[in-house]
Amino acid sequence: MVAQQTLSDGSRAGHLEPGASRRRLPQPLPLTLDDLFTSTARRFPMARAVQEGHHHLSYGEAENRAAQLASALVRGGVQLGDPVIVHCAGHRQAVVAQLAVLKAGGVCVPLPSALRGARLDRITEVSGARVVLCSTVTRPVWSYRLMSWVLDDPATWSKITAQRPDPSLPRSGHTEAAYLLVSDADRQGVSGYLTDHRAWQQTLSARIRRVGGAHDGVIVHHPPVRTTTLPAMWWAFACGGKVRATGPSLPYGSIRSADGACLAEDTAPVLASGRLGRWRHNGTLEFCDPSTVPPSAARPRNP
């Protein structure tokens with residue numbers, strides 16, 4: 001029997017009554033975000049991780065593709081702690097891209113797909129990224145900026161799958177940086193926050209304790225890698241649930257609200273639970289707690 005719980009943000013989360021038979025992840029949660037996803041993929045490879053219109057991506061398929069892409073990133077020169085921009089228009093591409101960056105030991109720099117022009121230049125410069133994982137529709141803005149990998153292009157995957165998996169993967173660690181959340185909303189210029197795997201895990205654990213699991217999945221109304229989309233996505237993955245993406249061509253009414261939950265919170269709880277430091281507008285990083293700084297993140301970045 002599935003019970004419904006109303007959240008403080010007005011959404012509803014499905015959770016199970018005691019004794020109900022549902023898939024559950026081992027407790028405590030795995031140490032890193034990519035390990036969390038791998039845990040579910042190994043147990044339930046055919047379960048759907050992302051539903052996007054009539055298209056879906058299973059946990060097993062996402063895991064395999066991410067491992068292949070991570071191997072290609074490592075062979076392409078991505079090192080531990082290197083920032084990699086994720087600028088994808090589709091949720092399925094964005095999930096694979098983020099998993100691949102984390103597995104390679106890199107740092108995800110998520111950018112909304114609609115971002116263009118001077119704002120894109122400023123954020124790219126501050127992040128220090130040299131590689132971008134994108135889609136066909138976002139590829140043109142990177143023509144003269146960075147090396148780009150188009151994840152919805154079959155030719156890209158033909159090259160990637162021809163290579164053998166890198167035996168060193170995964171290279172992530174729970175005290176290593178996972179995301180660089182960059183914004184140019186600050187009047188003083190572009191700045192961002194470098195968050196580690198621990199901060200995300202603490203936030204996910206607190207969310208699950210507070211409102212329950214998202215075993216029936218979450219419904220997201222925003223494009224990939226937005227500040228409201230990332231926590232919703234990882235909340236679903238932490239519980240073995242599915243991310244159901246809606247959009248202009250997929251109205252909310254086409255999905256029964258009783259089958260999932262919509263997470264309206266943004267990444268603020270992640271920042272509050274802990275971060276490695278603030279990425280200043282001049283390209284330097286001011287660490288909040290020097291004892292937690294991994295060697296890879298301590299390298300100076302001068303765009």
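We count residues from 1, following the sequence as given.
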His56 vs Val50 side-chain heavy atoms within contact, under 4.5 Å: no

Test applied, side chain to side chain contact (heavy atoms under 4.5 Å, CB included); reference residue, Phe237; option that passes from Leu33, Val95, Thr40: Val95

Heavy-atom side-chain proximity of Leu133 to Val84 below 4.5 angstrom: yes

Donor-acceptor contact below 3.5 Å, side chain Asp152 vs main chain Thr136: yes

Charged N-O contact under 4.0 Å between Arg130 and Asp82: yes

Verdict with supporting geometry, Val131 and Leu146, side-chain contact (heavy atoms from CB on, under 4.5 Å): CA-CA 6 Å; Val131 178; Leu146 304 177; over 6 Å; no

Parallel, tilted or perpendicular: ring planes of Trp234 versus Tyr179, cut at 30 and 60 degrees: perpendicular

Glu176 side-chain N/O to Ser172 backbone N/O, donor-acceptor pair under 3.5 Å: no

Which atom of Ala62 lies closest to which atom of Leu57, heavy atoms considered: CB-CD2, 3.6 Å

Joint hydrophobic cluster, Trp157 plus Val101, side-chain heavy atoms closer than 4.5 Å: yes

From OG (Ser135) to CG (Leu151), nearest 0.5 Å: 6.5 Å

Expected output: side-chain Ser39 to main-chain Leu36 donor-acceptor under 3.5 Å: no

Donor-acceptor side-chain pairing of Ser58 and Arg48 below 3.5 angstrom: no

From CA spacing to verdict: salt bridge (charged side-chain N to carboxylate O under 4.0 Å, His left out), Glu61, Arg92: CA-CA 10 Å; Glu61 183 181 6; Arg92 290 169 295 152; over 6 Å; no

Test item: Arg116 side-chain N/O and Ser113 main-chain N/O as donor-acceptor pair under 3.5 Å: yes

Heavy-atom check, side chain of Thr229 versus side chain of His91, under 4.5 Å: yes

Interatomic spacing from OH in Tyr59 to NZ in Lys242 - rounded to 0.5 Å: 10.0 Å

From Leu194, Leu230, Val225, Val109, residue fulfilling side chain to side chain contact (heavy atoms under 4.5 Å, CB included) relative to Leu181: Leu230

Atom CZ of Arg42: over 12 foreign heavy atoms under 6.0 Å: no

Given Val96, Thr156, Asn64, the one that forms side chain to side chain contact (heavy atoms under 4.5 Å, CB included) with Leu69: Val96

